[in-house]
Amino acid sequence: MAVPRQLPNAITIVRILCAPVFLWMLIADAGADGALRWWAAALFVVAIATDGIDGWIARRYDIVSDLGKLLDPIADKVLTGLAFVGLSILGELPWWITIVVLIREVGITVYRFVVVSDHVLAAAWMGKLKTVAQAVALSLALFPLWTVVGEWIWWVNGVTMAIAVILTIASGIDYVITEVRAARRKRA
C-alpha cells in the first residue's frame, strides 16, 4: 500500500489545529462538568493519540522527515500547553505548575528553532516519556471523572500530575546536558 509522503506531517498539523478548538470547548464549559467538558477531554485524547499514529506511519513506511521531527514535538507542546493553561484558567491546576511546564516547553521549542540550521533536535526518549506522562495526567484531569467515580480521583490526578511535572523538568535538564555535551564534542 502506498502511503502519501506527507501523511504523518498532515496528521501533525491537524493535531495543532485541534488544540484551539479543544481549549475553546474546555473554557466554554466554564467548569460546569457538562457535555462540552467531556467533548473537550475526548478531543484532547484523540488529538494526543495521533502523536503515536503519525510517528508509527513515518517509521513504518520510512517517510521520516526533518519537518516532521520539528513539527511533531511542537504539536505536542501546543496541545498539552493549552490543556495546562485551560485547567489553570478554570482554577483546577495551580498556575505555578503551568508556568514551570510552559517555561520548559517554550525554552526547548525556541532552542529547536535556533539550532535548526545546524541540526534538527528530535525528541529524546525522556522527552517522549514526559509527553506520555503529561498526556495521562492531563487526560485524567480533563475528564470530569469525579462526577462518576467520586472525589478520590483527585488524589490519582495529583499523583499523575506530579509525575508529569517531575518528568517535564528532568527531560528539560536532559536536553540541556545532551546539547552542551554535543557542542563540546563538536568543538573538540
Side-chain angles (χ1 to χ4, degrees), residues 3 7-60 68-95 97-98 100-102 104-106 108-109 123-168 171:
V3 174
L7 180 60
N9 293 343
I11 293 170
T12 300
I13 291 167
V14 168
R15 185 163 67 251
I16 293 170
L17 296 174
C18 283
V21 175
F22 149 76
L23 181 62
W24 174 83
M25 290 168 49
L26 181 64
I27 301 301
D29 181 71
D33 302 335
L36 273 177
R37 174 69 177 249
W38 286 94
W39 281 108
L43 179 58
F44 175 85
V45 168
V46 169
I48 202 72
T50 65
D51 181 35
I53 295 167
D54 61 10
W56 179 84
I57 292 170
R59 286 185 301 278
R60 169 75 170 84
K69 288 179 191 176
L70 186 65
L71 280 182
D72 189 64
I74 291 170
D76 297 336
K77 288 169 179 38
V78 168
L79 185 60
T80 58
L82 289 180
F84 280 107
V85 168
L87 288 169
S88 291
I89 289 170
L90 293 175
E92 297 176 18
L93 186 67
W95 274 104
I97 291 175
T98 298
V100 166
V101 169
L102 291 179
R104 184 270 188 214
E105 302 296 10
V106 170
I108 296 297
T109 301
W125 72 271
M126 192 180 282
K128 292 178 182 183
L129 183 60
K130 175 264 317 173
T131 301
V132 170
Q134 286 181 353
V136 170
L138 289 168
S139 296
L140 284 172
L142 289 167
F143 279 108
L145 297 174
W146 48 90
T147 64
V148 179
V149 298
E151 298 292 320
W152 65 269
I153 198 70
W154 288 107
W155 183 85
V156 175
N157 290 356
V159 170
T160 58
M161 192 61 71
I163 292 168
V165 171
I166 290 166
L167 285 171
T168 299
S171 66

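Just so you know, these numbers come straight off a predicted model, no measurement behind them.
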State the CE-CD1 distance between Met161 and Ile97, to the nearest 0.5 angstrom. 6.5 Å

Rounding to 0.5 Å, atoms OG1 (Thr12) and CD1 (Ile74) come to a distance of 10.5 Å

Can you check side-chain hydrogen bond (donor to acceptor under 3.5 Å, both in side chains) on Trp146 and Asp33, steps first, answer last? CA-CA 9 Å; Trp146 48 90; Asp33 302 335; 3.0 Å; yes

Using atom types as modelled and distance alone, determine if a side-chain donor or acceptor of Arg37 lies under 3.5 Å from a backbone N or O of Leu142. yes

How many angstroms lie between atom CG of Leu129 and atom CG of Leu167, to the nearest 0.5 angstrom? 5.0 Å

Below 4.5 Å, heavy atoms only, C-beta onward: do Asn157 and Glu92 meet side chain to side chain? no

Quick check: closest heavy atoms across Leu36 and Ala28, and the distance to 0.1 Å? CD1-CB, 3.7 Å

Do Val78 and Arg15 pass the side-chain contact (heavy atoms from CB on, under 4.5 Å) test, and can you show the C-alpha distance, the side-chain angles, and the key distance before you say yes or no? CA-CA 9 Å; Val78 168; Arg15 185 163 67 251; over 6 Å; no

In this structure, CD1 of Ile153 is separated from CZ of Phe143 (nearest 0.5 Å) by 12.0 Å

What do the steps show when you test Lys128 against Val132 for side-chain contact (heavy atoms from CB on, under 4.5 Å), and what is the final call? CA-CA 6 Å; Lys128 292 178 182 183; Val132 170; 5.8 Å; no

Taking C-beta and beyond as the side chain, do Leu87 and Thr98 meet within less than 4.5 Å on heavy atoms? no

Side chain proximity check, Asp72 to Asp54, heavy atoms < 4.5 angstrom: yes

Got a second to check how far Ile108's CD1 is from Lys130's NZ, nearest 0.5 Å? 8.5 Å

Considering all heavy atoms, the nearest Phe44-Ala135 contact: CE2-O, 3.9 Å

Okay, side chain of Arg60, backbone of Trp56: is any donor-acceptor separation there less than 3.5 Å? no

Please check this pair: side chain of Ser88 against backbone of Val85, looking for a donor-acceptor N/O pair closer than 3.5 Å. no

Give, for atom CG of Leu43 and atom CG of Leu23, the distance between the pair rounded to the nearest 0.5 Å. 11.0 Å

Mind checking whether Thr168 and Val100 have side chains closer than 4.5 Å, heavy atoms only? no

To check you understand the geometry: which heavy-atom pair defines the closest contact between Phe84 and Leu93, and what is its length? CD2-CD2, 3.4 Å

